[in-house]
Protein chains: 2
Amino acid sequence: MAKETYVPPTLTVDSVIFQLTNDKLMVLLIKRANEPFKNSWALPGGYIAAGETTTEAMDRVLKNKAGLNSKNLGLIEQLYTFDTIARDPRGPAVAVTYMGLGRNLAESDDKTQHPTFFPVTDLPKLAYDHKDIIAYAHERLKSKLTYTNAIFALLELKFSLSELQTAYEAVLDRSLDKRNFRKKFLSLGLIQPTNEYRQDGAHRPARLYRFHHPGLQTLTRSFD
Amino acid sequence: MAKETYVPPTLTVDSVIFQLTNDKLMVLLIKRANEPFKNSWALPGGYIAAGETTTEAMDRVLKNKAGLNSKNLGLIEQLYTFDTIARDPRGPAVAVTYMGLGRNLAESDDKTQHPTFFPVTDLPKLAYDHKDIIAYAHERLKSKLTYTNAIFALLELKFSLSELQTAYEAVLDRSLDKRNFRKKFLSLGLIQPTNEYRQDGAHRPARLYRFHHPGLQTLTRSFD
DNA sequence: GCAAAAGTGTTTGGGATACACCCATGC
DNA sequence: GCATGGGTGTATCCCAAACACTTTTGC
């Protein structure tokens, strides 16, 4: 195929940004300002331009559409590339999707896009097949928690064991046994106790822990 | 961004096709007929055109460059989408990669592309970053064998337990204990004995087994 | 003293691992 | 009868799962 006559398909990037708020897993959505699906909620996404990498496009789109700096994400992972014949009413396209995990991410006050975090268990009606993409991302995240320490990206640098467990429970959407959880997680040797405690109401203060090493690690024994 | 002025990046598809030959894991390569990397070995790949899905492009490229019909693959799985700034000397590009598994796939006698299966443990010098892509695919396949029945795509419909074990050993690149392997695999309840035996030399004939259900299944307990 | 979350051990069952010999066949 | 791969069982260890009470604090 000669370079001169080659026309590539439309290429887009969509991001599934998760964070925890009030012990619930939330996902970032924006309100579409333009057709198609004008005024529907959707994942932040946009075109990838020539000369741009997919991650550069993701950064740009997150900044422009949601006021979010990707430097504030603790972990970014590519999810899947969807063939989107009939997905975008404007015609066939290919969509590269990424998942981002963060903590204390702000909803910018963009009056056009209205970036807003919604609980994954209670989503509004979504544009395109974004509901499926979020479900796919959620499954990937659940799986990731069982064989890596990815949970760190959803937590503060220092955290109590109860916070850790609650984070797991929020993502996995089921309750875990406190004693077994602590025994198992501590035996993985990923976290260390600090000498700090957090006082947090009319009850015993919680010891704070931190991960030995920043960044993603694979677990020696798969969790759960 | 206005539709009229939008120019997407170059989009390509590359395929990592695996099969077993003589108890070794082999990968399909072609000899590049054109620059860049003319005369280097490379994964079969090519451009994705507007109006074409990534899987359609994969099918077309496999057919044209390696004479391979994707219907002969037992399993096809998307691997990853690579940002390829500086990967293709002709400029930035995005490459969608797929892994395909098959059995008794022929090397067509194309005198230009010379499609040939090489042992993954003994690859020639490769164009682009295709060596890394093959390594990535191999890791994904190893992992996939531990939590799915993906091995079926590398085997005949009926197979002996020794063939099954040898296939696992070829992909995982390590030896397994025969008694434990059989006990474990049979306990998964995925395969059933047939009444057929295969005579295959000066020794006891091997009973043949088959999977209960065609297609990919997730294991109830992860293997290995 | 009471409410509320933090913290802590033991028992049991199932599966992973390690390991060696007999069986059926061709020549 | 011997070489070749097919086929089989047991003992041990570790880990997952189940399960309830004491501690520390604020009010």
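The structure displayed is predicted, hence computed values, not measured ones. Chain A is the first sequence line, chain B the second, and so forth, proteins listed ahead of strands; every chain is numbered from 1.
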Could you give the [atom1]-to-[atom2] distance, from [X] to [N], as a whole number of Å?
| X | N | atom1 | atom2 | result |
| --- | --- | --- | --- | --- |
| A:Leu164 | C:dA6 | CG | P | 12 Å |
| A:Phe181 | C:dG7 | CZ | P | 13 Å |
| B:Tyr209 | D:dG6 | OH | C1' | 10 Å |
| A:Leu186 | C:dG7 | CG | C1' | 11 Å |
| B:Phe185 | D:dT8 | CZ | P | 16 Å |
| B:Phe159 | D:dG6 | CZ | P | 14 Å |
| A:Asp200 | C:dG7 | CG | P | 11 Å |
| B:Gln199 | C:dG26 | CD | C1' | 8 Å |

Within residues 189-197 of chain B: residues closer than 4.0 Å to DNA chain D (heavy atoms): none
Sole candidate of A:Phe211, A:Phe152, A:Tyr209 that passes ring-ring contact (aromatic ring centres under 6.0 Å, His included) when paired with A:Phe159: A:Phe211
Closest non-hydrogen atom pair between A:Leu68 and A:Leu105, with its separation: CD1-CD2, 3.9 Å
Polar side-chain atom of [X] near backbone of [Y] as donor-acceptor pair, under 3.5 Å:
| X | Y | result |
| --- | --- | --- |
| B:Gln78 | B:Tyr80 | no |
| A:Ser143 | A:Glu139 | no |
| A:Arg103 | A:Leu154 | yes |

Residues A:Arg207 and A:Glu196 bridged, charged N to O under 4.0 Å: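 No.
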Between B:Arg221 and B:Ser187: side-chain donor-acceptor atoms closer than 3.5 Å: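 Judged by distance alone, the side chains do pair up.
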Annotated protein contacts, base or backbone, on nucleotides 13-22 of chain D with a non-hydrogen cut-off under 4.0 Å, one of B, S, - each: ---SBBBB--
Among C:dT25, D:dG6, C:dT8, the nucleotide that comes nearest once only the side chain of A:Arg182 is considered: C:dT8
D:dG6 phosphate, OP1 or OP2, under 4.0 Å from B:Ser162 side-chain N/O: yes
B:Phe181 and B:Tyr168 aromatic ring geometry - parallel, tilted or perpendicular at 30°/60° bounds: perpendicular
Qualifying side-chain hydrogen bond (donor to acceptor under 3.5 Å, both in side chains) pairs with a residue from residues 107-121 of chain A, counting only residues at least two apart or across chains: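 Every candidate side-chain hydrogen bond (donor to acceptor under 3.5 Å, both in side chains) pair involving residues 107-121 of chain A fails, so no pair, neighbours aside, qualifies.
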